[in-house]
Structure formats: structure tokens, C-alpha cells
There are 2 protein chains.
Amino acid sequence: MHKKVNIKTIAAELGVSPSTVSKALKDSHEIGVETRARVQAFAKMYNYKPNSLALSLRNQKTMVIGVIIPQITHHFFTRVISGIEFVANQKDYNLMICLSKDEYEKEIQNIEMLTNGSVDGLLISIANETLEKGEFGHFERLLNQEFPIVFFDRIPPGIQADKVIVDDEAGGYNAGKLLLSKGRKKLGIISTPEHVTVGVLREKGFYRAIQEAGVEVLPQFNVKIEEKFDIDNQIDQLFTQKEFPDGIFAVNETYAALAMKIAQKRGFHIPRDIAFIGFTDGVISRLTTPTMTTIAQHGHNMGNKAAELVIQRIYEQENDKTPYQTVVISTNIVEREST
Amino acid sequence: MHKKVNIKTIAAELGVSPSTVSKALKDSHEIGVETRARVQAFAKMYNYKPNSLALSLRNQKTMVIGVIIPQITHHFFTRVISGIEFVANQKDYNLMICLSKDEYEKEIQNIEMLTNGSVDGLLISIANETLEKGEFGHFERLLNQEFPIVFFDRIPPGIQADKVIVDDEAGGYNAGKLLLSKGRKKLGIISTPEHVTVGVLREKGFYRAIQEAGVEVLPQFNVKIEEKFDIDNQIDQLFTQKEFPDGIFAVNETYAALAMKIAQKRGFHIPRDIAFIGFTDGVISRLTTPTMTTIAQHGHNMGNKAAELVIQRIYEQENDKTPYQTVVISTNIVEREST
DNA sequence: TTTAAGTACGAAACCGTTTTCGTGTTAAAA
DNA sequence: TTTTAACACGAAAACGGTTTCGTACTTAAA
């Protein structure tokens, strides 16, 4: 690769010192107008751009925000990222995106890599494996150092920090209320294992709505999907017993879409026999048949907020720190044909 | 933020020189065993990690690969990224992902930012606006500098460079053949405007299959979607005329899913009245009703190949350069219910 | 006793910038 | 004619590491 021009080569070429070049490029009037013009013309001609590593090292800031997400193929996270990017971009920050693949070890590696000077702040959505283990020492170390860090969506329970979350409990509650308002009485839920905090919260809200209405969910109408086993089979159990639900809430879009297909295959009509409601703001819900009612999550907003928070932390002075904040992104119901 | 320990602070604390610390940390036997042990213990205790900016500046390599994609919310690109990440990770590279938002200006900004020392190589899928304009000077400058750069999916036409592409033409051809093999004679296509190279190629392959069979596509059965107008209306035109097609190929998954819904709303049965085939490897096709036959693109493979190519270029010596390569990722048909 | 070879460490340069602090020259003021 | 100020520029340190080259000291061989 051909070497790029740098300040030294320009200086040598023009017979001046590096300091002069540096100043001339910033149009400092410490330097004579003629020299300034020569340097600037030369720089433009050779398309000089300052080396950002050197700048970062010198200025002790990189203008980069690190983002660690579990999976990039999850549509929700890409929405969040585009929200982060939107705000970061406005404030001249760039993004360094890393994937933990839901693994504890990779998450630690990513954090170590990013916090060795590469980024000014960090945005994290925690890996499932970390959540399962319940080990958050790697986060606590950073928080003690007062490294700017904001958690979003999947947050560490019981740890003081800046957080941006979806109001999952309220979303689940509203989903339950909606089904009830449609006259559904035999409700079912497709959920996730314990350690997935967002799933648990959505389920909790759903049960709150139901208990308020004095209705009960039969144990066999509560399916907790284990992704390592066949998902279709697990869902199918909802429709193969003597009784079947007439309204189903799934804690994410994919489970809801799958459940709709399986129900239809079993001969049920949607929404006449069974109503369905999903959770997320993905691309799937408006393309299913019938189209799916969902609790919209507004991932883009979440990204905006998270980026704003972390940038605020980065600019904060050592002396006046504001206390940790938790921003809640509210959901709303998008009603379509499935209810 | 509390300052992190660095080599200097360790040196001062232990009463040795920075060089000694540096060597001790690498277990150089230039340093006495006792000193080595003291330094290493101290470093471990204070969780010392070398500053990566300093390392990059010194070593003239960052171990980072830049990736520029038009949109992160496109599922295909996330598959490619996860493929890139897989290979990069194995070879100790990290990713810096930037979004051009399909804008020419942002693409240029991203490139300038990334090539000022931040990354060792670049992976690019070109913005639509750039493709429309046909201005590739910013790429050519980099190529002339022999900066390691690999284009994927959306490539600059007529420019010598390393490229990884999907065999779009063959995919379109196979889609056409499949519809014909199902006895369909009145074929339609939902495509994209001229400048979207991948759409054009898929269309070209489709027409080749059709011409080989001696069939013709009526002009009104060729819809080129303009995203700035209402997409549903544009698609609907296929089903509101005297004649209607009995087999439709859409150059992406979303258009195909939309078209299926619209056709069903118009009372057509799929696949009896009309067969549908889409293009991509997204999450939608197995969740539509009926499930959708598609040409699978294998974005993950594309990411693998692109990463391998660029890393190969990075390691390449100044003297023995290999000629530019174009890797073609072949597609395959995934047949589902819509045909 | 002198010389040679290890051993254990430090000084300094370098990567590409910025910035502070001189310093030599010229022109204006005293 | 001397002092002062303005002007135009350069030297050097700093950011946080690595690495080459010395060098002082010890020990073994001549």
C-alpha cells in the first residue's frame, strides 16, 4: 500500500517544520499568509487527512462509541443501532459495533478490547449467557472507573447504572387487556425461559391484566420456549389438547407468527377462533396472513435515547455528575387483523 | 473517569523504567526473573491492558476492518455482517461498521473517516445514490493507493477490484425456470429501477429463462417499484387488469410477500391461480401464508468470503500481489408452498 | 591480572499529531 | 540610535506504547 502523506512529509517537501504545517492547516495567523496558502494548497493536492489514531492519542478522545449487542440478525437490535447512529452522527461520533453472540466470554473480550482506549463510551445490551450466569463483575469494574456506559434493553438486574429499557411490563399488561377487551377468556401465552428478563416482564404484565379481570391462565396454556428444542412442536402443544385458548400473547414476533401458522394448519381461524398478539416492531407482522396485532417497541427511540445518555456522560465534568438515569421507552399497540 | 494504569505509572510505582516494564510484560528474558514477576504481578493486580491506540500507532496496524453498508435494517446485510464477523474474529480482527444510509455524501464521509488510519482494510457495499450517480472516484483513489478493499453485493460496475457477489443472474434464471417447470405461461416480474444492479441482473436472468422457453412477458406484467411512491398500489396493478399473470417472480422477499398478500386480497389462490417466488434468505419467507419459495442468497457465505479476501490483501506483501478476484456466491432454490 | 562474555536494565527514537514556549528578524516607537 | 512590539517560524514535549542500542556490573576464561 502506498504510504499516505503526513505532516512530516509535507513539512519536508515544503522546507518548513511540522509545527508550521500543523498550524498552517488550521489557518493559524501565527503563520504568514503566503506559507499558509502553500501548505494548504499542497495538502489539498495530495488529499491530506490527519491520522485519526494520532489525533485520538493526543486528544485523549476517539469520537467513537462502542456498541455491544448479542445478535445483529435480530431486527430489533438493528433498529436500535440505526437510532444510535442517528444521534451519534449528529454529534460527530462514530460507532464501533461488536457482537457478543449471546456468549459471556465474547462479551468480556469485546469490553476489554473496546475500553483499552478505542472508544469514549459504551452502549451494551447484555448477552443471554451473562444474564443466565448472573455475573456482572466486568460491568461493575467499568462503572467503578466511571467509564461512560449505558445499558439498553437487556440490563443487569440490581446494578446501579444508566439504562434505557422498553416498558415491557406495561406492554404485556396492554396485550392482556386488549385480548380481554375482545371478549377472550381462555388466554394463552408463549414466553421464554426465566433468565430472559424482557420475556419475564412481558409475561408478568400479561398476568397482572388477567388477574385484574379475575380470569385464569391454565398451566398448559403457558408455553416457555426452549430454543434448543424444536420450536414448532412446543407451540403445537397449545392446539392439540381437549381445550384450546381463544387468545394468545407471544412475547416476540417470531413466536407469534409461527403460532399463527401452526394454528391455521390445525384448522383454527384467526381471529375468529383464536386471536393473536405479538411483541416487537419488526418487518414480519404486517406481512403475515392475517396481519398481526403487536405491541410496538420503538427500537429507534431506544437507540436515540441511549446515544444521548452516553454522550452526555462523556461530556460530563469530573466534578458535577448527575445521578444514574433509567429512561423508559413506552410501547403502543398496533392493531391489525389478528385480533 | 478514573485514569487507567499505563506503563509509565507502573514503572514509576515499581522504580524501574518504562522499557523494563514493557519487556517484563512480554516475558522477555532480557529482564531478570524477579523483576519480571514483580511487574507482572503488579500489572495483573491493577488490571493493566495496553492502550490500543498507542499500539496501533506504533505498529502501523489496527487489527480493525471497516465495513460500510447502506442500511443495517436490511436483513440480508446483517447476515453478511455476521459472516464477516465470524471470519474476522477468528483472525483477531475487530469490525467498525458504518452506515451510508444509501447516501453518496455519507459514503464518502465514512470512507474518509475509516481510511485515516482507523482500519487496516475496508469492506463496502455501495449506496444506491452512488450507484445512481455513477461516481466512483472515491473508490478509485483508494484502489490506486492499493488500500485493501473488497466490494460485496453492490459493486461498482466497470472498476477493477476485489468483489464478492451473489450470482444474481443465475438466480433469476432459476426462478424463471422453476415457474416454467410448474406449467406457468403468463409470467410477471416485480423488479427495481435501473440503477439497482442486483435487481437488474435478477431480471436479466429471469428473461433469459423465459426467452429460452419461447414465452413472453407482457409489458404490463413487469412492474419496477419506485420506493418513493406507494408500493402496494404499484403491485396492485398486476392484478387489476383484464389479464393477470399465473406466476410472479419478485426480486426481493418483501415485494414478494406484499404481492402475495395483495393477490390474496384480490381473491386469487396461491399457488393454484398464481405461483410466487422471491429472492433472499430472510426471515419472512417461512412465515408467510402460504410459505414462500425463494432463491436463497447465503449472505453469511458472502460475508465469510469478503472477510477472507480483505484479510488476505492486508497480509499481502508489497512485492507479490495477486490479481483482483471476483468470488461468486451461488444461490439455490428453497421450494415452499407458494409454487 | 586482564579480557571476554553474559546479565539486567535504561536512554532514546519512533508512530503522527498538537501545543507551548522560545527565538530571530523586521518595523515602529521613543 | 536604542527599545519594543509584532511577526513568522521552529524545537521540544506530550499522548502510550515498542524496540534498538548502550552500558554498568558480574562472572568465567586466558
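Letters go in sequence order (proteins before strands), and every chain restarts at 1.
At most 12 heavy atoms of other shown residues, nucleotides or ligands fall within 6.0 angstrom of atom OH in Tyr46(A).
Between the side chains of Thr130(B) and Glu135(B), no donor-acceptor pair of N or O atoms lies under 3.5 Å. Donor-acceptor pairing under 3.5 Å is recorded for the side chains of Asp27(B) and Gln40(B). Between the side chains of Ser19(B) and Ser22(B), no donor-acceptor pair of N or O atoms lies under 3.5 Å.
As a whole-Å value, the separation of Asn116(B) CG from dT17(C) P is 9 Å. The interatomic distance linking Tyr48(A) (OH) with dG16(C) (P) rounds to 10 Å, in whole Å. Per the geometry, CD1 belonging to Ile31(A) stands 7 Å off P belonging to dG10(D), to the nearest Å. Computed from coordinates, the His29(B) NE2 to dT7(C) P distance equals 9 Å when rounded to whole Å. One atom, CD of Glu30(A), and another, P of dT20(C), lie 9 Å apart when rounded to the nearest Å. Rounded to whole angstrom, the span from the NZ atom of Lys26(B) across to the C1' atom of dT19(D) amounts to 10 Å. Here the C1' atom of nucleotide dA8(D) and the NZ atom of Lys23(A) are 9 Å apart, to the nearest Å. Between Lys49(A) atom NZ and dT17(C) atom P there is a gap of 12 Å when expressed in whole angstrom units.
For Lys133(A) and Tyr104(A), the positive end sits near the middle of the six-membered ring, less than 6.0 Å away and at most 45° from its axis.
Distances from the side chain of Asn51(A) to the nucleotides dT19(C), dG17(D), dG16(C) place dG16(C) closest. Each of dC9(C), dG17(D), dT17(C) was ranked by its minimum atom distance to the side chain of Asn6(A); first place goes to dT17(C). Between dT20(C), dG10(C), dG16(C), one nucleotide has an atom nearer to the side chain of Val16(B) than all others, and that is dG10(C).
Residues Lys106(B) and Glu129(B) have side chains not in contact (no heavy-atom distance under 4.5 Å, counting atoms from C-beta outward).
At least one donor-acceptor pair under 3.5 Å links the side chain of Asp162(B) to the backbone N or O of Gln325(B).
Between Glu146(B) and Lys321(B), at least one side-chain N (NZ, or NE/NH1/NH2) sits under 4.0 Å from a carboxylate O, which counts as a salt bridge.
Residues Pro18(A) and Gly15(B) each lie close to DNA chain C; by heavy-atom proximity, the contact nearer the 5' end of the strand is made by Gly15(B). Positionally, the nearest nucleotide of DNA chain C for Ser19(B) lies more toward the 5' end than for the other of Ser19(B) and Ile7(A).
Within residues 37-47 of chain B, no residue has a heavy atom under 4.0 Å from DNA chain C. Looking at residues 52-66 of chain B, you'll see Ala54(B), Leu55(B), Arg58(B) sit with a heavy atom under 4.0 Å from some atom of DNA chain D.
For Phe42(B) and Tyr48(B), the ring centers are positioned 6.0 Å apart or more.
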